[in-house]
Amino acid sequence: MARTILTLSLIFLSLFYVPTKIESTKMAATTPATNFIKASCRATTYPIVCVQSLSIYASSIQRNPRQLVQTALNVSLERAQSTKTFVARLTKFKGLKPRERAAIKDCFEEMSDNVDRLSKSIKELKSIGRPGGKEFIWHMSNVETWVSAALTDDSTCVDGFSGRTLNGRIKSSIKARMTNLAQVTSNALALCNHFAEKY
């Protein structure tokens, strides 16, 4: 009975997991800003995800490289916060196996660290100063370090559910969210690296 309730709860929660602003169906019209985003996303590992997640912010990004990176980090943070909330809800479910509960608890801690690191990255980016200067290099190095660490948090969470004994809806639900979060975070890191190298 408890497992049935858990399954129904997961299905209920999954209904609310829709890509931000229905990205897969709402693509911005071709403009100089969207062309800039598409060109910039070629430097990422997941260019399609990159374009989908950033094109809806084309009006604020325009053709500003710094604003592009800022927006990419904001998207990652939004996904991380959403994932953290989802994992927090899972910890309250009844009928969890001991290993599931332990893995979920560890994942929640990883997501808390993830949110903290991405928040620091966004704040740090606002203090980078003029491109090419010593302060710029130092601040961008901090941003890249924190975003890279956030990406590691994503992998660590998923690794906690390895093994056949943890196969099931809990694992599948978390893996789906973590995959999407890892992709946008990977893209944000690539854009950060490109920005740091170019400017």
Side-chain angles (χ1 to χ4, degrees), residues 10 13-14 16-21 23 41 43-54 56-57 61 66-93 96 99-128 138-163 166 169-196:
L10 281 171
L13 285 177
S14 67
F16 295 93
Y17 181 50
V18 180
T20 306
K21 297 188 178 180
E23 296 158 3
C41 284
T44 68
T45 305
Y46 308 99
I48 295 177
V49 174
C50 179
V51 173
Q52 289 178 343
S53 63
L54 297 179
I56 52 177
Y57 302 104
I61 293 173
R66 179 170 172 173
Q67 187 60 41
L68 176 72
V69 174
Q70 184 83 45
T71 304
L73 289 174
N74 285 335
V75 168
S76 295
L77 177 59
E78 181 182 330
R79 299 290 172 83
Q81 290 172 328
S82 174
T83 302
K84 178 183 176 182
T85 299
F86 176 77
V87 175
R89 289 172 179 169
L90 291 182
T91 63
K92 299 177 182 179
F93 284 174
L96 293 171
R99 282 198 61 193
E100 282 180 328
R101 190 172 297 281
I104 292 171
K105 181 180 178 181
D106 290 343
C107 184
F108 178 76
E109 292 177 357
E110 294 295 337
M111 286 301 94
S112 295
D113 290 341
N114 190 305
V115 169
D116 182 59
R117 284 166 177 151
L118 289 173
S119 296
K120 286 181 178 178
S121 297
I122 292 171
K123 184 177 180 180
E124 191 79 1
L125 187 64
K126 296 178 181 179
S127 307
I128 61 174
W138 184 74
H139 286 300
M140 280 307 301
S141 177
N142 288 337
V143 171
E144 291 169 313
T145 297
W146 284 325
V147 178
S148 179
L151 192 56
T152 300
D153 292 332
D154 301 340
S155 298
T156 302
C157 172
V158 175
D159 290 344
F161 289 87
S162 61
L166 291 179
R169 292 187 179 275
I170 289 280
K171 181 177 180 177
S172 298
S173 297
I174 287 184
K175 188 174 181 179
R177 284 177 172 268
M178 295 309 304
T179 296
N180 182 262
L181 174 58
Q183 288 177 350
V184 295
T185 303
S186 172
N187 287 343
L189 179 59
L191 293 174
C192 285
N193 292 337
H194 183 68
F195 180 61

- Message: Determine whether a donor-acceptor pair (N or O, by modelled atom type, separation under 3.5 Å) exists between the side chain of T145 and the backbone of S141.
- Response: yes
- Message: Is the shortest side-chain heavy-atom distance between R177 and F86 below 4.5 Å?
- Response: yes
- C50 to T44 - nearest heavy-atom pair and separation: CB-OG1, 3.8 Å
- Task: Report the C-alpha distance between V115 and S119 in whole Å, list the side-chain angles of each, state the deciding distance to 0.1 Å, and finish with yes or no for side chain to side chain contact (heavy atoms under 4.5 Å, CB included).
- Result: CA-CA 6 Å; V115 169; S119 296; 4.1 Å; yes
- Item | Gap between atom NZ of K171 and atom OG of S162 - 0.5 Å precision | 6.5 Å
- Message: Once rounded to the nearest 0.5 Å, what's the spacing between atom OG1 of T71 and atom CG of L54?
- Response: 6.5 Å
- Task: Determine, stepwise, if the pair Q70 / I122 fulfils side chain to side chain contact (heavy atoms under 4.5 Å, CB included).
- Result: CA-CA 7 Å; Q70 184 83 45; I122 292 171; 3.0 Å; yes
- Message: Counting C-beta onward and ignoring hydrogens, is there a side-chain heavy-atom pair between L68 and Y57 closer than 4.5 Å?
- Response: no
- How about Q183 and S53: do any of their side-chain heavy atoms sit closer than 4.5 Å? no
- Note on the structure: Minimal heavy-atom distance between S112 and K84, with the atoms involved, is OG-CE, 3.4 Å
- Side-chain touch D116/K120, heavy atoms, less than 4.5 angstrom: yes
- Task: Take W146 and E124 through the side chain to side chain contact (heavy atoms under 4.5 Å, CB included) test and state the conclusion after the steps.
- Result: CA-CA 10 Å; W146 284 325; E124 191 79 1; 3.8 Å; yes
- Task: Compare all side-chain heavy atoms of E110 with those of D106 and state whether any distance is below 4.5 angstrom.
- Result: no
- Message: Return the CG to OH distance between N180 and Y46, rounded to the nearest 0.5 Å.
- Response: 11.0 Å
- Note on the structure: Nearest heavy-atom approach of C41 to P47 is O-CB, 3.4 Å
- Please report the shortest heavy-atom distance between R101 and T91, naming the atom on each side. NH1-O, 3.0 Å
- Query: Below 4.5 Å, heavy atoms only, C-beta onward: do C192 and L73 meet side chain to side chain?
  - Reply: yes
- Query: When rounded to the nearest 0.5 angstrom, what distance separates CG in D113 from CD in E109?
  - Reply: 7.5 Å
- First locate atom CG of N187, then atom CG of L151, and finally report the distance between them rounded to the nearest 0.5 Å. 10.0 Å
- Query: Of N114, T185, V184, L118, which meets side-chain contact (heavy atoms from CB on, under 4.5 Å) against L77?
  - Reply: L118
- Message: For a quick test of reading the model, state the closest non-hydrogen atom pair linking F195 to V69 and the distance between them.
- Response: CB-CG2, 3.8 Å
- Query: Can you find a pair of side-chain heavy atoms, one from N193 and one from L189, that are under 4.5 Å apart?
  - Reply: yes
- Task: Mind checking the CD1-CZ spacing from I170 to R99? Nearest 0.5 Å is all I need.
- Result: 14.0 Å
- If you take all heavy atoms of I61 and Q67, which pair is closest and at what distance? CA-CG, 3.7 Å
- Message: Has S121 got a side-chain atom pairing as donor or acceptor with R117's backbone, closer than 3.5 angstrom?
- Response: yes
- Message: Is there a side-chain contact between M178 and M111 in this structure, where contact means two heavy atoms from C-beta onward sitting under 4.5 Å apart?
- Response: yes
